[in-house]
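Take a look at the structure set out below.
Only this structure's heavy atoms are used, side chains among them; waters, hydrogens and symmetry mates stay out. Letters go in sequence order (proteins before strands), and every chain restarts at 1.
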2 protein chains.
Amino acid sequence: MPTPAPVADSALMQRLSDSLVAYYRDFTAAAVKEGLTSTQANTLGVLSRGTATMRELATALSCDASNVTGVVDRLERRGLVNREPSPTDRRVKHVLLTDEGRRAITTVRDSMLHTQQGLASLEAADRDALYELLGRAFPQRAEG
Amino acid sequence: MPTPAPVADSALMQRLSDSLVAYYRDFTAAAVKEGLTSTQANTLGVLSRGTATMRELATALSCDASNVTGVVDRLERRGLVNREPSPTDRRVKHVLLTDEGRRAITTVRDSMLHTQQGLASLEAADRDALYELLGRAFPQRAEG
DNA sequence: TATTGTTATACTCTATAACTATA
DNA sequence: TATAGTTATAGAGTATAACAATA
């Protein structure tokens, strides 16, 4: 047989699911080591890309805005984020990562050993290819 | 410059995170359309590969065994799974997908349009490459 | 009128600890 | 003694609906 049969769509979907489960397990375990839930760590991850309003956080976290209040409450109580009023719209609050919050999310990422080892097992060209393929298969939606 | 600079590890981690978030969002939305939580749909997905004991479900779902009782309770109440006693060990219960449960998880998978469209936008050779790279980056652990 | 953030409420998910039945 | 599954409990995540303040 000159060429192997193409991967069935369902097999690729299944492998994506398996990869997600493995990644999420690694991420959650790393978060727990820092005393964080996966939602809390995910929130810090969003904020590590830049300040966001409560509303923007809800969008990024794919959850209702009412949930963000509690999540940010708990993070703020632990000194990992701050709420600051918007200077231009008194309804809006900006959420910022504190230095301690930035340290926490960095530690979480550095603790994802399974994922890091898996990626490190690929050659540089293969990592580039994976990066490229993921970018095409999961194009990021335009934001705000 | 003859060759492009290799993708930074942090950039690849970030893209992996973004891609899996997009996948998970699609999966959760598809589950909600079927009246399922993501945990419930994930449980049906595990069972679609074959029967599992309560203990095996806990391992596959990466959660404590005590949680599985409630998750399976709710699925069973809706007729999506059944519990059957093991013929060889009276402590053990096997969880089976019903026809309705199999229909539900199939519908969920068929409803993941964003993911399907993303994958369909790749050529066959690229889908094969993605399948292969994910398999190497996230090798599945040996199971019981 | 519409939007931002919050509160109240109810359900689900999750871990820990203690328990029963069985091996 | 150890294991499978359950129950009790408490904390966290989630959606819906209603609300006050602001635009």
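- For Leu36(B) and dA15(D), the CG to C1' distance is 16 Å, given to the nearest whole Å.
- Here dT6(D) presents its P atom at 10 Å from CZ of Arg55(B), a figure rounded to the nearest Å.
- Residue pairs satisfying the salt bridge (charged side-chain N to carboxylate O under 4.0 Å, His left out) criterion with at least one member in residues 12-23 of chain B, sequence neighbours excluded, are listed as follows: Arg49(A)-Asp18(B).
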Polar pairs (N or O, both sides) under 3.5 Å between protein and nucleotides 19-23 of chain D?
unit_1: dA23(D); atom_1: OP1; unit_2: Arg90(A); atom_2: N; d: 3.1

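- Ser86(B) and Thr88(B) form a side-chain donor-acceptor contact under 3.5 Å, judged by distance and modelled atom types alone.
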For this session: Any chance you could list the contact pattern along nucleotides 8-13 of chain D? Use B for base contacts, S for sugar-phosphate-only contacts and - for none, protein heavy atoms under 4.0 Å, 5' to 3'.
Result: ----SS
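- Protein chain B touches strand DNA chain C; the 5'-most and 3'-most nucleotides with an atom under 4.0 angstrom of its non-hydrogen atoms are dT12(C) to dA23(C).
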Show me the side-chain donor-acceptor pairs of residues 60-71 of chain A shorter than 3.5 Å, one per line, residues at least two apart or across chains.
unit_1: Ser62(A); atom_1: OG; unit_2: Arg25(B); atom_2: NE; d: 3.1
unit_1: Asp64(A); atom_1: OD2; unit_2: Ser66(A); atom_2: N; d: 2.9
unit_1: Asp64(A); atom_1: OD2; unit_2: Ser66(A); atom_2: OG; d: 2.8
unit_1: Asn67(A); atom_1: ND2; unit_2: Asp64(A); atom_2: O; d: 3.4

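- A search for salt bridge (charged side-chain N to carboxylate O under 4.0 Å, His left out) contacts involving Arg136(A) returns Glu132(A), Asp126(B), not counting sequence neighbours.
- Using modelled atom types, no side-chain atom of Thr51(B) and backbone atom of Leu47(B) make a donor-acceptor pair closer than 3.5 Å.
- Paired with Leu97(B) under the rule side chain to side chain contact (heavy atoms under 4.5 Å, CB included), one option of Val81(B), Leu80(B), Leu75(B) passes, and it is Val81(B).
- Within the 4.5 Å cutoff, no side-chain heavy atoms of His114(B) are placed close to those of Phe138(A).
- The main-chain N or O of Gly79(A) is found under 3.5 Å from a side-chain atom of Thr98(A) such that the two form a donor-acceptor pair.
- In this entry the distance linking CG of Asn42(A) with C1' of dT14(D) reads 14 Å, nearest Å.
- Side chain of Glu76(A) to main chain of Val95(A): no donor-acceptor pair is present (N/O by atom type, distance under 3.5 Å, no hydrogens or angles).
- Contact check for Leu57(A) versus Thr53(A): no side-chain heavy atoms found under the 4.5 Å cut-off.
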